[in-house]
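One-based numbering, in listed order, for ligands and for the atoms of each. All heavy atoms count here, side chains included; hydrogens, waters and symmetry mates do not.
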Amino acid sequence: MAGTLYIVATPIGNLEDMTFRALRILKEADLIAAEDTRHSRTLLAHFGITTRLTSYYDHNQKLKGDLILEMLHAGKQVALISDAGTPCISDPGYRLVRDAQAAGITVVPIPGACAAITALSAGGLPTDCFTFAGFPPNKEGKRRSFLAALASAQGSVVLYEAPHRLVATLDDIVTVLGERRVVVARELTKLHEEFLQGTASDVRQQVQDGRERGEVVLLIAPADATVQQSEGPTAEERLQAALTKGHTVKEAAALVAAATGLPRRELYAKALLMRERL
Ligand code: SAM
């Protein structure tokens, strides 16, 4: 019988975020395929995991992918990990998953930390819908086109960025998207974790004032959220005012929808909660 390929999430900084299931799978596997074996050896040593380790990264994925598939066909259990977080999310792994599935091998995800989801969960921007776009291109021209293509993206935009390019990317956000509200989620789950929030220019300034290091996730608010932010009262303030004046929940939602262009259903739900608190 063929083995199983496990896609195992590991912590993004705080080792306490390792899951019990991930530990068991990594201990029980015949082989762990890691993006960087030297990096992963430290993590595995911390948890007393002595499973055989091999490398699987972008440049050897064809060769290593074939070897890993052979082992799976021979009935071995293989666990794939990346340097941090969830494999395949801006990390190597997708081709291995695709090829394993095509070869009839069972692929099992072992969920855990992911920087994008961690940032969204505490970033304070709308999360009902979001667009994850990975790393922006390094070169200014391509980065600006990339941002322009995201101008009409649905919901919040989630980006990964290298710390030394963050100021340049925030500059390009101001140029291409205007003063959108952004959140820079820095050093998530680590000692110096922080969320820098404000307009793109504000946050650019905060980054320049001594926060140019550390890993970051960059969140960009949807265009309609920016309109509320920069042009007068927020939707919540408008709803509150309408309810206080004696309008019904339905009327308040309709009035604010007309004024802001925000979806009436969403406003109705918010107004309902507010009225309960009045
Ligand atoms: N697969 C990983 C995941 O699930 O989050 C992401 C890998 S990607 C190569 C690395 C990028 O994730 C970093 O450049 C940074 O943008 C983001 N990242 C990873 N760890 C982070 C952390 N602790 N705090 C903030 N961002 C982090």
Side-chain angles (χ1 to χ4, degrees), residues 5-19 21-22 25-26 32-40 42-43 46 55-61 79-98 107-125 127 130-138 143 146-147 150 156-170 172-173 182-197 200 203-204 206-207 210-220:
L5 174 64
Y6 295 94
I7 307 302
V8 183
T10 57
I12 55 170
N14 190 325
L15 293 180
E16 285 185 296
D17 294 333
M18 190 75 167
T19 69
R21 192 167 171 222
I25 295 292
L26 294 176
I32 297 174
E35 191 183 356
D36 177 342
T37 50
R38 270 184 313 178
H39 178 97
S40 295
T42 315
L43 174 86
H46 177 86
S55 63
Y56 178 84
Y57 47 87
D58 279 339
H59 299 294
N60 74 354
Q61 60 183 359
L80 175 73
I81 58 175
S82 60
D83 284 354
T86 304
C88 308
I89 308 301
S90 290
D91 265 341
Y94 139 75
R95 288 186 185 80
L96 183 60
V97 171
R98 179 196 59 192
V107 180
V108 175
I110 309 294
C114 172
I117 300 298
T118 307
L120 272 171
S121 71
L125 294 190
T127 50
F130 61 86
T131 301
F132 174 68
F135 285 94
N138 301 347
R143 191 166 53 228
F146 166 91
L147 290 170
L150 288 169
S156 302
V157 172
V158 186
L159 302 175
Y160 286 160
E161 188 51 291
H164 60 277
R165 275 196 283 271
L166 185 55
V167 166
T169 298
L170 287 165
D172 288 343
I173 289 173
V182 303
V183 177
V184 166
R186 273 185 80 230
E187 294 288 84
L188 290 165
T189 78
K190 302 184 201 173
L191 186 62
H192 299 294
E193 174 181 276
E194 62 179 346
F195 290 83
L196 311 176
Q197 326 216 6
V203 172
R204 179 202 186 282
Q206 294 177 56
V207 171
R211 271 94 148 221
E212 282 178 283
R213 291 165 63 176
E215 295 193 283
V216 291
V217 178
L218 177 53
L219 308 176
I220 307 173

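Heavy atoms of Glu187 found under 4.0 angstrom from ligand 1 belong exclusively to the backbone. The proximity of Asp91 to ligand 1, defined as any non-hydrogen pair under 4.0 Å, is limited to the side chain. Residue contacts with ligand 1 for Ala185 involve N, CA, C or O but no side-chain atom from C-beta outward (heavy atoms, distance under 4.0 Å).
Atoms of ligand 1 lying under 4.0 Å from at least one heavy atom of Ile89, given by number and element, are 1 (N), 2 (C), 6 (C), 7 (C). Residue contact check: Val217 has heavy atoms under 4.0 Å from atoms 26 (N) of ligand 1. In summary, the atoms of ligand 1 found under 4.0 Å from a heavy atom of Glu161, numbered by their order in the structure, are 16 (O). Near Lys190, the atoms of ligand 1 lying under 4.0 angstrom from a non-hydrogen atom of the residue are 23 (N). The ligand atoms of ligand 1 that sit less than 4.0 angstrom from a heavy atom of Gly85 are 3 (C), 4 (O).
Among all non-hydrogen protein atoms, the one lying nearest atom 8 (S) of ligand 1 is Ser90 O, 3.6 Å. Of the protein's non-hydrogen atoms, Phe135 CZ, 3.4 Å is the one closest to atom 14 (O) of ligand 1. In terms of protein heavy-atom proximity, atom 4 (O) of ligand 1 is nearest to Thr86 N, 2.8 Å. The single protein non-hydrogen atom nearest to atom 16 (O) of ligand 1 is Val216 O, 2.6 Å, given as residue, atom name and distance. Distance from atom 20 (N) of ligand 1 to its nearest protein heavy atom, with residue and atom name: Glu215 OE1, 3.3 Å.
Proximity of a side-chain donor or acceptor of Ser40 to a complementary backbone N or O of Thr37 within less than 3.5 Å is not detected. Using modelled atom types, no side-chain atom of Thr86 and backbone atom of Ile89 make a donor-acceptor pair closer than 3.5 Å.
Of all heavy-atom pairs spanning Ala200 and Val182, the tightest one is CA-CG2, 3.8 Å.
Summarising the geometry, atom CG belonging to Leu96 is positioned 8.0 Å from atom SG belonging to Cys88; distances are rounded to the nearest 0.5 Å.
Just one residue in the list Leu196, Val184, Leu170 forms a side chain to side chain contact (heavy atoms under 4.5 Å, CB included) with Gln206, and that residue is Leu196.
Between Leu188 and ligand 1, at least one N/O pair is under 3.5 Å apart.
One side chain, Asn60 or Ser55, offers a donor N or O that lies under 3.5 Å from an acceptor on the other. Side-chain polar atoms of Asn14 and Thr189 form no donor-acceptor pair below 3.5 angstrom. Remark: the Asn138 side chain and the Arg165 side chain contain an N/O donor-acceptor pair separated by less than 3.5 Å.
No side-chain heavy atom of Tyr160 sits under 4.5 Å from any side-chain heavy atom of Pro136.
Nearest-heavy-atom check against atom 2 (C) of ligand 1 across Ala84, Gly134, Ala115 picks out Ala84.
Of the charged side-chain nitrogens involved, at least one lies within less than 4.0 Å of a carboxylate oxygen, so that Lys190 and Glu215 count as a salt-bridged pair.
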